[in-house]
Student: 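One structure, as structure tokens, below. Some questions next.
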Amino acid sequence: YGPEMVSLTLVLSTYPGGKQTVIEVKLLPCEPGFTLTSNSSNNLMTCDCSLFFTSHGVVCDASDGTVTRNKNSWIGLYNNTLPALASNCPLDYCNTTIIKLSLASPGDLCNGGRTGIICGHCHGNLSVIFGSSQCKVCSDMWLMTLVMFAVLGALLVATLFFLNLTVTQGTLYGLIFYANIIQVNSPIFFSQSILKPLHIIVSFVNLDLGLPLCFYDGMDNADKAGLQ
């Protein structure tokens, strides 16, 4: 390893005979998350864990260029150069089974087709969907469901009006507040497939679909939050 884009030429000579062998050596840059450090005692240059990572308790392994993350933290690069760390990855965004990873492929840390900082973006041509934190391939044809949403929304408002219900106080308010808490932590409460029907029921109480449905191609997290 050495300074990036630096190459060396080694000339080996043998005696007697005077034969020479010329070898071109190109120095490799350090793996992402590591910095090139010069050792004054032996004049050798080594790849060491970046000061940012070491100051935050991240363990690095220079032998294979990997870093070890703590619990549910997210580790990656900002602008593909600067080391970055988030103490808590959003629920169900990160793969909790991966503890040791290479920052050369940080996307391996993300779940459900996600990538980017804190796995906050969809990969490639994937889109954010309703009822799930995953990203899927979607089509603009799903905009036709606006008709269904308009009808259901009108029915909901009419039901609340005729039954003289309010969502700002009383039992209904407590039920929706409880459903909000459960919905936010759904990856914890509904991690098993057997509980998926219960997850859908809670989502309906929370005025959410509870089903993984597309809406349109290119929808992101901001659009999803605004529409919900």
Side-chain angles (χ1 to χ4, degrees), residues 1-8 24-40 42-130 132-138 184-188 191 212 214 216-226:
Y1 297 98
E4 192 172 356
M5 304 301 294
V6 172
S7 59
L8 302 175
E24 295 289 339
V25 179
K26 185 177 181 180
L27 300 181
L28 297 176
C30 293
E31 292 290 333
F34 292 80
T35 56
L36 191 64
T37 304
S38 177
N39 192 327
S40 58
N42 53 19
N43 294 324
L44 294 179
M45 304 190 76
T46 57
C47 292
D48 296 331
C49 190
S50 70
L51 292 178
F52 176 82
F53 282 157
T54 54
S55 62
H56 287 81
V58 177
V59 178
C60 303
D61 188 349
S63 63
D64 56 5
T66 59
V67 296
T68 302
R69 68 191 188 107
N70 299 323
K71 298 181 180 179
N72 192 41
S73 63
W74 174 88
I75 297 178
L77 299 174
Y78 178 71
N79 285 339
N80 295 323
T81 55
L82 299 176
L85 172 68
S87 58
N88 287 291
C89 188
L91 288 175
D92 207 31
Y93 277 27
C94 292
N95 188 343
T96 56
T97 61
I98 296 180
I99 303 299
K100 195 173 184 180
L101 71 151
S102 170
L103 296 184
S105 54
D108 296 340
L109 183 59
C110 300
N111 273 334
R114 289 187 166 274
T115 187
I117 298 177
I118 322 180
C119 303
H121 302 284
C122 290
H123 184 75
N125 61 340
L126 303 182
S127 304
V128 173
I129 62 176
F130 286 117
S132 174
S133 61
Q134 297 184 350
C135 298
K136 300 288 185 181
V137 177
C138 295
V184 169
N185 298 281
S186 58
I188 297 177
S191 58
C214 287
Y216 64 88
D217 183 25
M219 186 169 74
D220 57 21
N221 290 318
D223 296 335
K224 177 181 177 180

Student: Not counting sequence neighbours, which residues clear side-chain hydrogen bond (donor to acceptor under 3.5 Å, both in side chains) with S127? List them please.
Tutor: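 Testing S127 for side-chain hydrogen bond (donor to acceptor under 3.5 Å, both in side chains), a comparison that skips the adjacent residues, returns D217.
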
Student: Can you name the nearest heavy-atom pair linking L85 to S73, along with the distance?
Tutor: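 Closest heavy-atom pair between L85 and S73: CD1-CB, 4.2 Å.
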
Student: Which pair of heavy atoms, one from C47 and one from L36, lies closest together, and at what distance?
Tutor: SG-CD1, 4.4 Å

Student: Just to verify, what does D61 make a side-chain hydrogen bond (donor to acceptor under 3.5 Å, both in side chains) with, not counting sequence neighbours?
Tutor: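 With neighbours one apart ignored, the set is S63, K100.
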
Student: Any side-chain donor paired with an acceptor under 3.5 Å for N79 and T81?
Tutor: no

Student: N111 side chain to C94 main-chain N or O, any donor-acceptor pair under 3.5 Å?
Tutor: yes

Student: T37: which residues meet the side-chain hydrogen bond (donor to acceptor under 3.5 Å, both in side chains) condition with it, sequence neighbours left out?
Tutor: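 Scan of T37 (side-chain hydrogen bond (donor to acceptor under 3.5 Å, both in side chains), adjacent residues dropped) gives D48.
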
Student: Mind checking what makes side-chain hydrogen bond (donor to acceptor under 3.5 Å, both in side chains) contact with T97, not counting sequence neighbours?
Tutor: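 For T97, the residues satisfying side-chain hydrogen bond (donor to acceptor under 3.5 Å, both in side chains) (neighbours in sequence not counted) are N95.
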
Student: For L82, enumerate each residue passing the side chain to side chain contact (heavy atoms under 4.5 Å, CB included) test, keeping only those at least two apart in sequence or located in another chain.
Tutor: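 If we apply the side chain to side chain contact (heavy atoms under 4.5 Å, CB included) test to L82, skipping adjacent residues, the hits are Y78.
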
Student: Excluding sequence neighbours, so at least two apart, what forms ring-ring contact (aromatic ring centres under 6.0 Å, His included) with F52?
Tutor: H56

Student: Mind checking the CZ-OG1 spacing from F53 to T68? Nearest 0.5 Å is all I need.
Tutor: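 Going from CZ on F53 over to OG1 on T68, the span is 11.0 Å.
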
Student: Should V137 and L126 be marked as a side chain to side chain contact (heavy atoms under 4.5 Å, CB included) after you check the CA-CA gap, both sets of side-chain angles, and the distance that decides it?
Tutor: CA-CA 5 Å; V137 177; L126 303 182; 3.3 Å; yes

Student: Per the disulfide (SG to SG under 2.5 Å) rule, what does the pair list look like for residues 54-88, sequence neighbours excluded?
Tutor: C49-C60

Student: Kindly say whether F130 contributes a backbone atom to a donor-acceptor pair with the side chain of K224 at under 3.5 angstrom?
Tutor: no

Student: For the atom pair SG (C135) and CE (M219), what is the distance rounded to the nearest 0.5 Å?
Tutor: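 C135 atom SG to M219 atom CE measures 9.5 Å (nearest 0.5 Å).
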
Student: Under 3.5 Å, side-chain donor or acceptor atoms of residues 113-122 against the rest of the protein: list the pairs with distances, not counting sequence neighbours.
Tutor:
| residue | atom | partner | partner atom | Å |
| --- | --- | --- | --- | --- |
| R114 | NE | S133 | O | 2.7 |
| R114 | NH1 | C119 | O | 3.3 |
| R114 | NH2 | Y93 | OH | 3.4 |
| R114 | NH2 | S133 | O | 3.1 |
| R114 | NH2 | N221 | OD1 | 3.2 |

Student: Show the nearest heavy-atom pair for residues L101 and I75, with the distance to one decimal.
Tutor: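 In terms of heavy atoms, the two residues are closest at CD1-O, 4.5 Å.
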
Student: List the atom of D223, the atom of Y216, and the distance in Å for their closest heavy-atom pair.
Tutor: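 Smallest heavy-atom distance, with atoms named: OD2-OH, 2.8 Å.
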
Student: Looking only at non-hydrogen atoms, find the nearest pair between A104 and E31 and report the distance.
Tutor: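 Closest approach of A104 to E31: CB-OE1, 4.2 Å.
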
Student: How about V67 and L103: do any of their side-chain heavy atoms sit closer than 4.5 Å?
Tutor: yes

Student: So which heavy atom on I129 is nearest to which on C138, and how close?
Tutor: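 Closest pair (atom of I129, atom of C138, distance): CG2-SG, 3.7 Å.
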
